[in-house]
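If you read the sequence from its start, that first residue is 1, and numbering goes on from there. Any value given below was found using the heavy atoms of this structure, including those in side chains, with hydrogens, waters and symmetry copies removed.
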Amino acid sequence: MYCFRTIDEPSGLTFTSTVRPGGVRVVTLVGDIDAATVGTLDEALATGERLVVDLTRVAFLSCAGVRSLLDAHARTRVAVVVGGHAVTRSLEATGADLLLEIHPGVGAAIADLTPVPEPGREA
C-alpha cells in the first residue's frame with residue numbers, strides 16, 4: 001500500500017504558540033513537515049527573540065523543514081525539542097543537529113533559553 005499527500009491537499013501541519021515567563025516563545029507543531037507544509041512552519045517561526053520549537057509530535061521532517069529551522073536559527077536563538085526517530089534522523093543526516101540546540105524535553109529547552117538574573121539584581 002502506498003500513502004502520500006499531494007500538494008493540493010490541505011496542510012497536514014498545525015501549530016500552537018505560547019509565551020512563557022522570561023519571554024521564551026514555545027511553538028508546538030503537530031503533523032508532517034514537508035514541501036507542502038513548510039509555509040506553516042515558516043509562519044510559526046516568524047517572530048520571537050528566543051524560540052523553543054517542539055517537534056515531539058512531528059512524524060516527518062523534510063529538508064525544506066530543516067532549512068526553515070536553520071533560517072530561524074540565523075535570525076534568533078532557537079532550541080529544538082525532538083522525540084521521534086524520523087525527526088532526529090533528518091537533523092543528523094543534514095548536520096543540522098550540530099548547529100541547532102537540541103533538547104530532550106520542552107522544560108530543558110526553556111531553561112536553556114531563559115535568562116539568568118545577575119546576582120544582586122531583581123529578575
**Message:** With a 4.5 Å cut-off on side-chain heavy atoms, are Thr114 and Arg20 touching?
**Reply:** no
**Message:** If I compare all heavy atoms of Asp97 with all of Ile102, which pair ends up nearest, and what's the gap?
**Reply:** O-CG1, 4.1 Å
**Asked** Roughly how far apart are His103 NE2 and Thr56 OG1, rounded to 0.5 Å?
**Response** 14.0 Å
**Taking every non-hydrogen atom, the tightest pair across Ile33 and Gly65** = CG2-CA, 3.6 Å
**Asked** Within a reach of under 6.0 Å around CZ of Arg89, are more than 12 heavy atoms found that belong to other residues, nucleotides or ligands?
**Response** no
**Asked** For the hydrophobic clusters of this structure (ILVMFWY residues joined by side-chain heavy atoms under 4.5 Å, transitively), does one cluster hold both Leu99 and Leu61?
**Response** yes
**Item:** Shortest non-hydrogen contact from Thr94 toward Cys63
**Value:** CG2-SG, 4.4 Å
**Prompt:** Roughly how far, to the nearest 0.5 Å, is the CG atom of Asp54 from the OG atom of Ser17?
**Reply:** 11.5 Å
**Prompt:** Only one of Thr28, Val81, Leu69 clears side-chain contact (heavy atoms from CB on, under 4.5 Å) with Leu55; which?
**Reply:** Leu69
**Request:** List the atom of Leu13, the atom of Thr40, and the distance in Å for their closest heavy-atom pair.
**Result:** O-CG2, 3.7 Å
**Passing candidate, side-chain contact (heavy atoms from CB on, under 4.5 Å) with Val78, options Val27, Val52, Val53** = Val53
**Request:** For Arg67, look at atom CZ and say whether over 12 heavy atoms of other residues, nucleotides or ligands are found less than 6.0 Å away.
**Result:** no
**Prompt:** Does the side chain of Ser68 come under 3.5 Å of the side chain of Asp71 through a donor N or O and an acceptor N or O?
**Reply:** no
**Asked** Is there a path of hydrophobic side-chain contacts, each under 4.5 Å between heavy atoms of I, L, V, M, F, W or Y residues, that connects Val30 with Val38?
**Response** no
**Asked** Are Val80 and Val24 linked, directly or through other ILVMFWY residues, by side chains that come within less than 4.5 angstrom of each other?
**Response** no
**Fill in**
Correct closest heavy-atom pair for Gly48 and Arg25 would be N-NH1, 4.4 Å
**Request:** Find out if a path of hydrophobic residues (ILVMFWY) with successive side-chain heavy-atom gaps under 4.5 Å connects Ile110 to Leu51.
**Result:** no
**Complete:** Correct closest heavy-atom pair for Leu70 and Ala96 would be CD2-CB, 4.1 Å
**Asked** Under a single-linkage definition using a 4.5 Å side-chain heavy-atom cutoff for Ile, Leu, Val, Met, Phe, Trp and Tyr, are Val66 and Phe60 assigned to the same hydrophobic cluster?
**Response** no
